[in-house]
A.B. asks: 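I have a structure here, written as structure tokens, and I will follow up with some questions on it.
Just so it is clear: chains get the letters A, B, ... in the order the sequence lines come, proteins before strands, and each one is counted from 1. Values below: every heavy atom of this structure, side chains too, minus hydrogens, waters and symmetry copies.
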Amino acid sequence: MIKISFPDGAQREYASGTTSSEIAKSISEGLARNVLSASVNGQVWDISRPIAEDATIRFHTWNDPEGKATFWHSSAHLLAEAVEALFPGTKFGIGPAIENGFYYDIDLGDRVLSSDDFGKIEDKMKELARQKNAYIRSEISKADAIAYFKDKDDEYKLELLEGLNDGEITFYQQGGFTDLCRGPHIPNTSSIKAVKVLSVAGAYWRGDETRKQMTRLYGITFPKQKELTAYLEMLEEAKKRDHRKIGAELEIFMFSEKVGAGLPIWLPKGTALRSRLEDFLKQEQIKRGYQPVITPHIGKKELYVTSGHYEKYGEDSFQPIHTPREGEEFLLKPMNCPHHCEIYGHRPHSYKELPIRIAEFGTVYRYEQSGELHGLTRVRGFTQDDAHIFCMPDQLKEEFLDVLDLTTYVLKKFGFEDVTAQISLRDPDNKEKYIGSEENWNKAERAIIEATQEVGLDTVTELGEAAFYGPKLDFIVRDALGRKWQLGTIQVDYNLPERFELEYIGADNQPHRPVMIHRAPFGSMERFMGVLIEHCAGKFPLWLTPDQMAILPISDKHIPFAKSVKSQLAQHDIRGYIDDRTESIGRKIRDTELKKIPFMLIVGDKEAESQKISIRKQGEGDQGSMTIVEFVEYFNNLL
RNA sequence: GCCGGCAUAGCUCAGCUGGCCAGAGCAGCUGAUUUGUAAUCAGCGGGUCGGGGGUUCGAAUCCCUCUGCCGGCUCCA
């Protein structure tokens with residue numbers, strides 16, 4: 001007999017060799033029907049795999065990430081089976097589950113797949129799924145595995161096999177398709193009811209741009225058709241909210257082929273939005289002791305040689321600008337920190353002055369590969385809500401905690417309630433990529449970990465994601481559609497102060513080296529605006545939106561009353577405009593609705609006579625009439 | 001940068017396999033209408049079919065190239 005422990009602490013005894021499926025069944029038929037995989041002693045297993053020893057067990061269904069991953073990974077195999085059936089001779093790379101669905105990298109030889117082929121592949125997948133083929137696990141010797149794929153002439157699988165040890169190789173087979181795979185898989189194909197091939201794109205074999213580009217097919221599957229429909233609706237909604245579309249419609253920003261790719265141009269409405277964003281943060285920062293500065297958009301090459309950025313990014317940057325006579329070399333400012341280090345270093349500092357917090361909405365320019373550019377979220381010129389805090393080592397934690405507090409405060413202000421953070425540390429196997437001493441790195445990494453634990457921030461840790469000069473904490477928000485976006489960042493840096501030989505005079509009258517914190521709660525104004533547009537679908541918070549209301553006169557003769565309403569509201573800091581076109585009221589309402597202006601104030605004979613205004617709320621319709629005083633109060637309560 | 005796709009009026013799009021002066025709706029302009037909660041009516045103007053080169057008797061349509069955009073990959077101080 002073996003002893004099985006459950007997550008709730010319960011224990012039960014089963015015969016040795018019992019499977020997770022049988023254990024689930026012993027608990028309830030319903031569970032047995034829904035379980036897709038199970039963690040056995042922390043490893044995700046097929047539920048048909050016999051358990052030979054005492055174990056802890058956790059069942060995975062569609063409702064948890066491991067269950068979905070198992071389902072989608074099995075779907076990737078189904079996709080591969082369909083592709084092999086339709087296009088014999090296809091070679092296969094890897095086919096993992098991803099956050100939403102799965103993909104499979106395939107090599108079709110000279111054949112080019114297009115979206116026209118998706119329907120055919122989907123039909124084949126559904127046909128194969130209905131056959132209720134079991135996913136059969138088998139352990140295989142390395143020699144046999146190699147022989148199998150040599151016979152198939154699949155160099156990709158052979159290369160994968162090179163990295164595996166004899167004795168740990170498993171195959172999975174369903175229907176006519178056999179794959180090298182660690183597993184686990186769902187019991188059989190029949191639970192895959194809804195299938196969609198989403199897109200096709202090129203992807204380098206093993207992510208290496210020097211290697212062959214394969215065809216990557218993305219797909220998603222669900223146990224129920226209804227869930228697929230809902231997912232596709234969500235994708236539609238995301239398309240509607242695309243900040244590139246809304247940004248153009250609401251005249252927030254534009255791009256110009258002549259100005260250049262990746263160089264956003266802020267239009268008046270967008271500038272109004274951005275200025276409010278900046279003012280909000282500026283005020284909050286002044287409360288917290290930040291000192292605003294302004295630095296130039298270019299700097300001498302030596303500045304970036306000193307900072308180490310030139311060595312690290314020089315080749316991959318916009319190349320230096322040369323002065324015509326003197327032959328000096330300037331770089332477009334790719335970050336603000338070297339300038340701020342110079343500000344710190346321009347005169348001696350006493351420990352009594354620290355921390356010194358230097359803030360700047362600094363516009364920076366970075367070369368991004370042309371294929372990387374994407375709306376406002378990936379650009380070549382952008383403005384960071386940057387600041388650098390210079391402090392003593394024993395002030396680091398307190399400063400870090402204040403920045404954490406500021407960042408979460410800022411994100412919440414914009415309705416991002418679901419905030420997590422990623423701690424990016426060094427790659428332990430590749431430490432030569434980074435500059436600075438082991439001791440300083442350890443200190444910096446520890447500071448981040450401790451501070452996030454202290455405030456109870458939900459974090460994930462990624463090795464190898466640190467900046468070259470220090471570890472990072474990146475904030476990740478989930479928007480209204482549940483999509484993740486990386487926004488603000490905090491970085492601890494012992495290295496730049498050293499490179500710029502920054503000092504302060506301590507209580508002991510000796511020079512000491514300050515620690516530096518880089519931080520940007522929004523990240524960049526461009527990216528933040530892009531994410532905010534998608535989050536709120538262009539319906540900005542009332543305090544932020546460029547026009548809070550539009551006054552719609554019923555006819556031209558009501559314009560004088562409209563003007564008086566406008567000026568009265570302006571006295572209460574309610575901003576907007578009068579739609580004085582000679583158009584029907586229906587037309588004015590429609591146009592205002594489409595511009596997503598929060599309030600429409602309709603004024604005609606009735607209103608002029610009673611000195612009231614009729615209120616219509618965007619997306620909600622007529623709200624009845626009220627006096628201006630009543631409206632101001634109502635409005636202010638919504639701010 | 002790489003793979004694949006796309007580029008026709010300010011916007012959304014039609015124009016099949018090369019062949020009558022390149023079209024529509026919306027927007028714009030002009031005029032009429034003075035309007036009560038999501039489009040008043042009529043008329044008019046507007047495109048070197050992304051740029052350049054080529055094939056052809058003839059190119060928006062085929063080929064090459066550049067630019068930009070889209071989906072990915074790689075990259076992201």
Side-chain angles (χ1 to χ4, degrees), chain A residues 103 105 112-116 198-218 239 242 244-245 248-249 251 254-262 304 307-314 316-317 333-338 364 366-375 377-380 382 384 386 435 465-470 472 474 486 489 491 493 495-496 518 524 527 552-559 581-595 600-607 614-625:
Chain A
Y103 66 79
D105 284 345
V112 175
L113 266 193
S114 81
S115 50
D116 301 338
L198 292 168
S199 63
V200 59
Y204 300 109
W205 171 232
R206 310 202 104 173
D208 182 342
E209 65 180 315
T210 64
R211 306 202 58 181
K212 181 159 176 162
Q213 196 152 95
M214 305 183 75
T215 301
R216 176 169 295 180
L217 272 176
Y218 285 89
K239 224 182 198 169
D242 191 320
R244 292 166 298 187
K245 183 167 138 51
E249 283 167 2
E251 299 192 302
M254 59 169 274
F255 288 94
S256 147
E257 222 173 283
K258 281 209 182 89
V259 172
Y304 307 101
S307 71
H309 290 99
Y310 189 81
E311 189 195 352
K312 187 80 183 171
Y313 294 103
D316 302 319
S317 291
K333 177 163 79 173
M335 79 294 301
N336 304 298
C337 29
V364 298
R366 296 178 183 178
Y367 167 74
E368 303 285 356
Q369 302 185 92
S370 56
E372 282 313 320
L373 303 172
H374 182 95
T377 59
R378 194 74 189 274
V379 290
R380 284 176 170 168
F382 58 97
Q384 295 177 311
D386 212 354
I435 59 173
E465 293 293 311
F468 72 91
Y469 52 74
K472 296 195 289 190
D474 292 322
Q486 190 201 303
T489 182
Q491 303 170 12
D493 185 356
N495 293 305
L496 280 187
H518 309 241
S524 93
R527 186 176 167 79
L552 313 183
I554 296 285
S555 82
D556 291 356
K557 66 173 189 264
H558 305 112
I559 289 175
R581 295 176 301 163
T582 306
E583 285 290 352
S584 70
I585 191 66
R587 176 51 171 273
K588 291 179 186 176
I589 287 171
R590 179 182 157 79
D591 290 346
T592 316
E593 286 278 351
L594 292 175
K595 280 154 81 177
M600 280 153 271
L601 311 181
I602 293 155
V603 294
D605 286 335
K606 280 190 292 187
E607 289 76 14
S614 288
I615 313 297
R616 186 190 163 98
K617 221 172 169 178
Q618 202 272 345
E620 294 177 32
D622 196 353
Q623 306 288 303
S625 64

A.B. asks: What's A:Ser307 touching, base or sugar-phosphate or nothing? Going by heavy atoms closer than 4.0 Å.
C.D. replies: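 It contacts nothing in the nucleic acid.
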
A.B. asks: What string of B, S and - do you get for nucleotides 70-77 of chain B, 5' to 3', when a contact is any protein heavy atom under 4.0 Å?
C.D. replies: SBBBBBBB

A.B. asks: Nearest-Å distance, CG (A:Asp622) to P (B:U37)?
C.D. replies: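 So the two atoms are 9 Å apart, to the nearest Å.
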
A.B. asks: Can you tell me, in whole Å, how much space there is between the C1' of B:C73 and that of B:U17?
C.D. replies: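 About 35 Å, rounded to a whole number of Å.
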
A.B. asks: Going 5' to 3' along nucleotides 41-49 of chain B, which nucleotides have protein heavy atoms under 4.0 Å from the base (write B), which only from the sugar-phosphate (write S), and which from neither (write -)?
C.D. replies: ---------

A.B. asks: Look at atom CD of A:Glu251 and say whether more than 12 heavy atoms of other residues, nucleotides or ligands are closer to it than 6.0 Å.
C.D. replies: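 Counting other residues, nucleotides and ligands, CD of A:Glu251 stays at 12 neighbours or fewer.
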
A.B. asks: Could you tell me the separation between the CZ atom of A:Arg380 and the OH atom of A:Tyr367, rounded to the nearest 0.5 Å?
C.D. replies: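 If I round to the nearest 0.5 Å, the distance is 5.5 Å.
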
A.B. asks: With C1' as the reference atom in both, quote the distance from B:G51 to B:G28 in angstrom, rounded to an integer.
C.D. replies: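 Straight-line distance between the two C1' atoms is 27 Å.
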
A.B. asks: Between B:A38 and B:A32, how far apart are the P atoms? Round to whole Å, please.
C.D. replies: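 Each nucleotide's P atom is 28 Å from the other's.
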
A.B. asks: Does any donor-acceptor pair link the side chain of A:Glu257 with the base of B:G51 at a separation under 3.5 Å?
C.D. replies: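 Side chain to base: no pair below 3.5 Å.
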
A.B. asks: Looking only at atom types and distance, does a side-chain atom of A:Gln618 sit under 3.5 Å from a main-chain N or O of A:Glu593, one as donor and one as acceptor?
C.D. replies: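 Checked: pair present.
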
A.B. asks: Please give the distance between the C1' atoms of B:G45 and B:A7 as a whole number of Å.
C.D. replies: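 The answer is 25 Å between these two C1' atoms.
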
A.B. asks: In whole angstrom, what separates A:Lys595's NZ from B:C11's P?
C.D. replies: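 Going from NZ in A:Lys595 over to P in B:C11 covers 18 Å.
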
A.B. asks: Across the strands shown, which category fits A:Lys588 at heavy-atom distances under 4.0 angstrom: base, sugar-phosphate, nothing?
C.D. replies: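 No contact at all - A:Lys588 keeps every heavy atom at 4.0 Å or more from the nucleic acid.
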
A.B. asks: Need one value for A:Glu311: base, sugar-phosphate or nothing, where a base atom within 4.0 Å counts as base even if backbone is also close, heavy atoms only.
C.D. replies: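 No contact at all - A:Glu311 keeps every heavy atom at 4.0 Å or more from the nucleic acid.
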
A.B. asks: I want to confirm an ordering. Mapping A:Leu594 and A:Met214 to their closest nucleotides on RNA chain B, which one lands closer to the 5' end?
C.D. replies: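 The residue whose closest nucleotide sits nearer the 5' end is A:Met214.
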
A.B. asks: In whole angstrom, give me the gap between the C1' atoms of B:U48 and B:C44.
C.D. replies: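 It comes out at 23 Å once rounded to the nearest Å.
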
A.B. asks: Inspect the surroundings of CD in A:Glu311 and state if more than 12 heavy atoms from other residues, nucleotides or ligands are less than 6.0 Å away.
C.D. replies: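 For A:Glu311, atom CD is not crowded (no more than 12 foreign heavy atoms under 6.0 Å).
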
A.B. asks: Distance between the C1' atoms of B:G54 and B:G58, in whole angstroms?
C.D. replies: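 About 15 Å, rounded to a whole number of Å.
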
A.B. asks: Taking the inter-plane angle between the rings of A:His309 and A:Phe468 on a 0 to 90° scale, is it parallel (under 30°), tilted (30 to 60°) or perpendicular (over 60°)?
C.D. replies: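 If you compare the ring of A:His309 with that of A:Phe468, the planes turn out perpendicular.
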
A.B. asks: Answer with yes or no whether the side chains of A:Ser625 and A:Glu607 bring together a donor and an acceptor at under 3.5 Å.
C.D. replies: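 The answer is no; no qualifying pair exists.
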
A.B. asks: What integer distance in Å separates A:Arg380:CZ from B:C69:C1'?
C.D. replies: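 Rounding to the nearest Å, CZ of A:Arg380 and C1' of B:C69 are 13 Å apart.
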
A.B. asks: If we take the P atom in both B:A42 and B:A24, what is their distance in whole Å?
C.D. replies: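 To the nearest whole Å, 15 Å.
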
A.B. asks: Heavy atoms under 4.0 Å, any strand shown: does A:Ile554 hit a base, just sugar-phosphate, or nothing?
C.D. replies: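 Here A:Ile554 touches the bases of the nucleic acid.
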
A.B. asks: What does B:C6 pair with, Watson-Crick or G-U, if both distances are under 3.5 Å?
C.D. replies: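 Pairing partner: B:G68.
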
A.B. asks: Checking only heavy atoms, does the side chain of A:Arg590 share a donor-acceptor pair with the base of B:A39 at less than 3.5 Å?
C.D. replies: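 Pair found.
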
A.B. asks: Is B:A42 paired to anything, Watson-Crick or G-U wobble with both distances less than 3.5 Å, and if yes, which nucleotide?
C.D. replies: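 Its partner is B:U30.
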
A.B. asks: Quick one: does A:Arg378's side chain have a donor or acceptor within less than 3.5 Å of a partner on A:Leu373's backbone?
C.D. replies: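 Side chain of A:Arg378 to backbone of A:Leu373: no pair is present.
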
A.B. asks: Please report the distance, rounded to the nearest Å, between CE in A:Met600 and C1' in B:G36.
C.D. replies: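 It is 14 Å, rounded to the nearest whole Å.
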
A.B. asks: For the pair made of NZ in A:Lys557 and C1' in B:G36, what is the distance, rounded to whole Å?
C.D. replies: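 Rounded to whole Å, this separation is 11 Å.
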
A.B. asks: A:Lys617 has an atom NZ; how far is it from atom C1' of B:A38, in whole Å?
C.D. replies: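 Rounding to the nearest Å, NZ of A:Lys617 and C1' of B:A38 are 18 Å apart.
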
A.B. asks: With the threshold set at 4.0 Å, does a side-chain nitrogen-carboxylate oxygen contact exist between A:Arg587 and A:Asp591?
C.D. replies: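 The answer is yes: the pair qualifies as a salt bridge.
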
A.B. asks: Given 3.5 Å as the limit, does a donor-acceptor pair link the side chain of A:Lys588 with the main chain of A:Pro553, or not?
C.D. replies: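 Answer holds: yes.
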
A.B. asks: Classify the nucleic acid contact of A:Glu583 as base, sugar-phosphate or nothing, counting any heavy atom under 4.0 Å across all strands shown.
C.D. replies: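 The residue A:Glu583 makes base contact.
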
A.B. asks: May I ask you to decide whether A:Arg244 forms a salt bridge with A:Asp242, counting only side-chain N to carboxylate O separations under 4.0 Å?
C.D. replies: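 A salt bridge is present here (some side-chain N lies under 4.0 Å from a carboxylate O).
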
A.B. asks: Round to the nearest Å and state the distance from A:Glu593 atom CD to B:U37 atom C1'.
C.D. replies: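 Atom-to-atom, A:Glu593 to B:U37, this comes out as 9 Å.
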
A.B. asks: Treating A:Asn495 as the side-chain partner and A:Tyr469 as the backbone partner, does any N or O pair qualify as donor plus acceptor under 3.5 Å?
C.D. replies: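 The answer is yes, because a donor-acceptor pair under 3.5 Å joins these two groups.
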
A.B. asks: Counting only side-chain heavy atoms from C-beta out, which of B:C69, B:G36, B:U34 sits nearest to A:Asp556?
C.D. replies: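 Looking only at heavy atoms from C-beta outward on A:Asp556, the closest nucleotide is B:U34.
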
A.B. asks: OP1 or OP2 of B:C2 less than 4.0 angstrom from a side-chain nitrogen or oxygen of A:Lys212, does that happen here?
C.D. replies: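 For A:Lys212, the contact criterion (side-chain N or O under 4.0 Å from OP1 or OP2 of B:C2) is not met.
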
A.B. asks: Once you round it to whole Å, what is the distance between C1' of B:U35 and CD1 of A:Ile602?
C.D. replies: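 Interatomic distance, CD1 of A:Ile602 to C1' of B:U35: 13 Å.
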
A.B. asks: Pick the P atom in B:U74 and in B:C29, then give their distance to the nearest Å.
C.D. replies: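 One P to the other, the span is 49 Å.
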
A.B. asks: I'd like to know if the side chain of A:Arg366 reaches the main chain of A:Pro334, judged simply by a donor and an acceptor atom lying under 3.5 Å from each other, with no hydrogens or angles considered.
C.D. replies: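 Between the backbone of A:Pro334 and the side chain of A:Arg366 there is a qualifying donor-acceptor contact (under 3.5 Å).
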
A.B. asks: Using both distances under 3.5 Å as the test, list the Watson-Crick or G-U wobble partner of B:U61, or none.
C.D. replies: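 Check on B:U61: unpaired, no WC or wobble geometry under 3.5 Å.
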
